[in-house]
Amino acid sequence: VPEIQFNMSARDLQTPTAGAYTTATAQLQLVSPTFSLDVKAQRVGTGGLEIFADGRIPPTGAREVILHRARMELGEEQWALLNPAVFSWSSERNSPVNVRNLDFREVDGDGRVFIDGRVRPPASADFRVETVSFPVGELQRLLGRQPLVEGELALNATILVTAGVPRIV
């Protein structure tokens, strides 16, 4: 595990896909086993970005990061984390990655992304995913890509992989 201590502040940021921000700060600390991430960016006008997570990432053994707060814009809409979400894994090669209670909601609408379960490795995934009015084109733009697909995704599924064979229920 590398040791990282990173502090950044910026003014008048322009992004190709996520708009303009008047101010931004980021603090990342990984001094094993302690991890913390605090990102804030204020948008021109209203809105912005906020992420706060902390946890334990020791050199070996069990690792856990708790996403306490997340708020961002997807297109014209504000989205926010409803409750803390927990990401856990181990230092062992190909160990499972579990996501517990990732529940991201549109602030003034019915949009939702919910993920809960073992998402990795793909050969033994077992998780539930639910989306309501999720703007897939806006997510692609946020990631710096031209959208290949536009629209709002609605999905309620459990993905279970047994002996490498996926089953979607």
Side-chain angles (χ1 to χ4, degrees), residues 4 6-30 35-57 63-89 96-120 122 125-160 168-169:
I4 302 169
F6 174 81
N7 294 301
M8 184 266 322
S9 64
R11 293 186 170 284
D12 301 323
L13 291 176
Q14 299 286 329
T15 70
T17 57
Y21 294 88
T22 55
T23 60
T25 60
Q27 297 174 333
L28 170 65
Q29 179 175 327
L30 176 56
F35 168 83
S36 66
L37 173 67
D38 191 0
V39 177
K40 294 179 181 140
Q42 205 50 47
R43 208 182 237 319
V44 173
T46 61
L49 169 73
E50 179 182 16
I51 299 169
F52 177 71
D54 65 9
R56 293 181 45 82
I57 305 178
R63 298 168 173 178
E64 181 177 89
V65 169
I66 301 170
L67 180 60
H68 293 277
R69 287 187 309 276
R71 179 181 55 86
M72 67 172 48
E73 292 175 334
L74 286 174
E76 300 295 316
E77 303 298 328
Q78 275 288 322
W79 287 67
L81 187 68
L82 188 63
N83 296 301
V86 179
F87 301 81
S88 58
W89 70 100
V97 175
N98 295 292
V99 176
R100 288 194 322 264
N101 200 36
L102 179 64
D103 197 352
F104 206 55
R105 306 263 180 125
E106 183 180 4
V107 173
D108 292 322
D110 61 350
R112 181 181 192 202
V113 174
F114 177 81
I115 300 172
D116 190 76
R118 185 178 57 244
V119 297
R120 288 194 48 83
D126 181 4
F127 65 97
R128 185 173 148 236
V129 61
E130 178 182 336
T131 66
V132 176
S133 299
F134 185 69
V136 292
E138 295 302 334
L139 177 63
Q140 293 168 81
R141 282 185 195 85
L142 181 67
L143 297 174
R145 298 179 166 248
Q146 286 297 323
L148 299 174
V149 177
E150 288 279 356
E152 293 185 344
L153 178 64
L155 171 71
N156 189 350
T158 298
I159 292 93
L160 176 60
I168 301 174
V169 185

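Computed from heavy atoms alone, side chains included, the values below leave out hydrogens, waters and symmetry copies. We count residues from 1, following the sequence as given.
Considering only residues two or more places apart in sequence or on other chains, Arg56 meets the salt bridge (Lys or Arg N to Asp or Glu O under 4.0 Å) condition with none of them. Residues satisfying the side chain to side chain contact (heavy atoms under 4.5 Å, CB included) criterion with Leu148, sequence neighbours excluded, are Gln140. For Asp116, there are no salt bridge (Lys or Arg N to Asp or Glu O under 4.0 Å) partners at least two apart in sequence or on another chain. For Asp103, the side chain to side chain donor-acceptor pair (under 3.5 Å) partners are Arg105, Arg112, not counting sequence neighbours. The salt bridge (Lys or Arg N to Asp or Glu O under 4.0 Å) test applied to Glu138 returns Arg141, not counting sequence neighbours. Annotation: side chain to side chain donor-acceptor pair (under 3.5 Å) contacts of Arg69 (sequence neighbours excluded): Glu50. Take Glu76 and apply the side chain to side chain donor-acceptor pair (under 3.5 Å) test, not counting sequence neighbours, and it matches no residue. Scored by the side chain to side chain donor-acceptor pair (under 3.5 Å) test, Asp12 finds no partners at all (sequence neighbours excluded). A search for side chain to side chain contact (heavy atoms under 4.5 Å, CB included) contacts involving Val99 returns Phe87, Leu102, Ile115, Val119, not counting sequence neighbours. Partners of Phe35 by ring-ring contact (aromatic ring centres under 6.0 Å, His included), not counting sequence neighbours: none found. For the side chain to side chain contact (heavy atoms under 4.5 Å, CB included) test, residues two or more places apart in sequence or in another chain that qualify with Asn7 are Gln27. Residues meeting the side chain to side chain contact (heavy atoms under 4.5 Å, CB included) test with Arg63, sequence neighbours left out: Val1, Ile57, Pro58, Trp89, Ser91.
Interatomic distance, CZ of Arg100 versus CG of Leu67, reported as 13.0 Å (0.5 Å rounding). In this structure, OG1 in Thr158 is found 10.0 Å from CD in Glu130, a value given to the nearest 0.5 Å. Rounding to the nearest 0.5 Å gives a distance of 13.5 Å between CD1 of Ile51 and NE2 of His68. Residue Ile159 holds its CD1 atom at 12.5 Å from CZ of Arg118, rounded to the nearest 0.5 Å. A distance of 11.5 Å separates CD in Gln29 from CG in Asp38, rounded to the nearest 0.5 Å. Note that the CH2 atom of Trp79 and the CZ atom of Phe134 stand 6.0 Å from one another [nearest 0.5 Å].
Using a 4.5 Å cut-off on side-chain heavy atoms (C-beta onward), Leu160 and Val169 make no contact. Considering only heavy atoms from C-beta on, Asn101 stays 4.5 Å or farther from Val86 through its side chain. Counting heavy atoms from C-beta on, the side chains of Thr131 and Phe114 never come closer than 4.5 Å.
Among all heavy-atom pairs drawn from Ala41 and Tyr21, the shortest one is CB-CD2, 3.5 Å. Taking each heavy atom of Ala20 and Gln14 in turn, the nearest pair found is CB-NE2, 3.5 Å. Closest heavy-atom contact between Ser133 and Pro135: O-CD, 3.5 Å. In plain terms, the two heavy atoms of Leu49 and Met72 that are nearest each other are CD1-CB, 3.8 Å.
Shown here is Arg71, whose CZ atom has more than 12 heavy atoms of other residues, nucleotides or ligands within 6.0 Å. Taking a 6.0 Å sphere around CG of Asn83, one finds it holds more than 12 heavy atoms contributed by other residues, nucleotides or ligands.
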